[in-house]
Amino acid sequence: MHIRRAVESDFVAMWNIFHAVVATGDTYVFSPSTGREDAHVYWLSDDITTFVAEIKGNIVGFYKLIPNQRDLGSHVANASFMVSPTAHGKGVGKAMGEHCLVEAKKAGFEALQFNFVVSTNKTAVALWKKLGFAIVGTIPKAFKHQQLGNVDVYVMHRFLDDVAIPASS
Ligand SMILES: CC(C)(COP(=O)(O)OP(=O)(O)OC[C@H]1O[C@@H](n2cnc3c(N)ncnc32)[C@H](O)[C@@H]1OP(=O)(O)O)[C@@H](O)C(=O)NCCC(=O)NCCS
């Protein structure tokens, strides 16, 4: 697997994955009918740092890294992840999560915070815990899960003090 900075020509593959991920309405707030332009603004605006994961030249996932807040809250990062449903469970999310921690540290962030982890998204919650995140807050019934109705959302957080930047990075 190779993880690199996203470029504009990646968007065709990213859009297909985005569309498949939001179609199920169980992990992200995006409506299944979100359009290409909205998705493009979210993932590839100029002020956003986005990475794609490739296996044998095919994009299988991507993530973006941004400041969680402006100005006095900008020392904390925020990130969003999507893996192609056809590539789930192969370590892509874990590899991107580990990569993101290093990139966040390299960029000078002091912590990484996920603002909207759907509590029923067992894979994501387990993965983020494995990568050192703690649930620091629960927002009751904040997500309209398309099968389960309104479910809780977690805020997950991790300081980056212990993240080592590999020499090769
Ligand atoms: C959540 C997501 C990013 C995880 O990526 P992934 O590539 O599927 O996950 P990985 O293969 O890296 O697996 C990560 C861990 O989760 C575990 N896992 C995988 N599928 C699982 C499942 N269905 N249930 C429970 N655990 C699971 C794996 O065992 C693995 O742990 P391990 O390495 O110790 O074995 C991906 O599934 C995804 O894009 N989901 C839809 C969008 C989303 O939820 N984004 C995150 C929002 S917070």
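Counting starts at 1 for both ligands and their atoms, following the listed order.
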Asker: Should the proximity of Val83 to ligand 1, defined as any heavy atom under 4.0 Å, be assigned to the side chain, the backbone, both, or neither?
Answerer: both
Asker: Consider every N or O of Gly89 and every N or O of ligand 1, then say whether any pair is closer than 3.5 Å.
Answerer: yes
Asker: Heavy atom of Gly91 under 4.0 Å from ligand 1?
Answerer: yes
Asker: Just to confirm my output: which protein heavy-atom neighbour is closest to atom 16 (O) of ligand 1, and how far is it?
Answerer: Thr123 CG2, 3.8 Å
Asker: If you count the non-hydrogen atoms of other residues, nucleotides and ligands that lie under 6.0 Å from NZ in Lys144, is the total more than 12?
Answerer: no
Asker: From atom 5 (O) of ligand 1, work out which of Ala87, Gly61, Gly93 has a heavy atom at the shortest distance.
Answerer: Gly93
Asker: Can you find a protein heavy atom closer to atom 39 (O) of ligand 1 than 4.0 Å?
Answerer: yes
Asker: Hey, is Lys94 touching ligand 1 through its side chain, its backbone, both or neither, going by heavy atoms under 4.0 Å?
Answerer: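 Answer for Lys94: both.
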Asker: Where does Trp128 meet ligand 1, judged by heavy-atom distances below 4.0 Å: at the side chain, the backbone, both, or neither?
Answerer: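 Trp128 to ligand 1: side-chain contact only, backbone stays beyond 4.0 Å.
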Asker: Where is the nearest protein heavy atom to atom 44 (O) of ligand 1: which residue, which atom, and how far?
Answerer: Asn121 ND2, 2.7 Å
Asker: From the options Phe81, Trp15, Phe62, select the one residue that forms a ring pair (Phe, Tyr, Trp, His ring centres under 6.0 Å) with Trp43.
Answerer: Phe62
Asker: Quick one: do the Asn115 and Gln113 side chains pair a donor with an acceptor below 3.5 Å?
Answerer: yes
Asker: May I ask you to check whether Lys130 has an N/O atom sitting below 3.5 Å from an N/O atom of ligand 1?
Answerer: yes
Asker: Show the numbers, then the answer: is there a ring-ring contact (aromatic ring centres under 6.0 Å, His included) between Tyr42 and Phe30?
Answerer: CA-CA 10 Å; Tyr42 185 80; Phe30 293 101; 4.8 Å; yes
Asker: Hey, is Phe81 one of the residues with a heavy atom under 4.0 angstrom from ligand 1?
Answerer: yes
Asker: Just by distance, no angles: are the side chains of Asp26 and Thr24 close enough, under 3.5 Å, to form a donor-acceptor pair?
Answerer: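 Yes, side-chain donor-acceptor contact under 3.5 Å.
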Asker: Determine the sole option in Val21, Val60, Val92, Thr27 for which the side-chain contact (heavy atoms from CB on, under 4.5 Å) test with Met82 is passed.
Answerer: Val21
Asker: Test of understanding: given a 4.0 Å heavy-atom threshold, classify the contact between Val92 and ligand 1 as side chain, backbone, both, or neither.
Answerer: both
Asker: Hey, could you give me the CG/CZ distance between Asn78 and Phe116, rounded to the nearest 0.5 Å?
Answerer: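 It is 12.5 Å, given to the nearest 0.5 Å.
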Asker: Shortest non-hydrogen contact from Pro140 to Asp152?
Answerer: CA-OD1, 3.4 Å
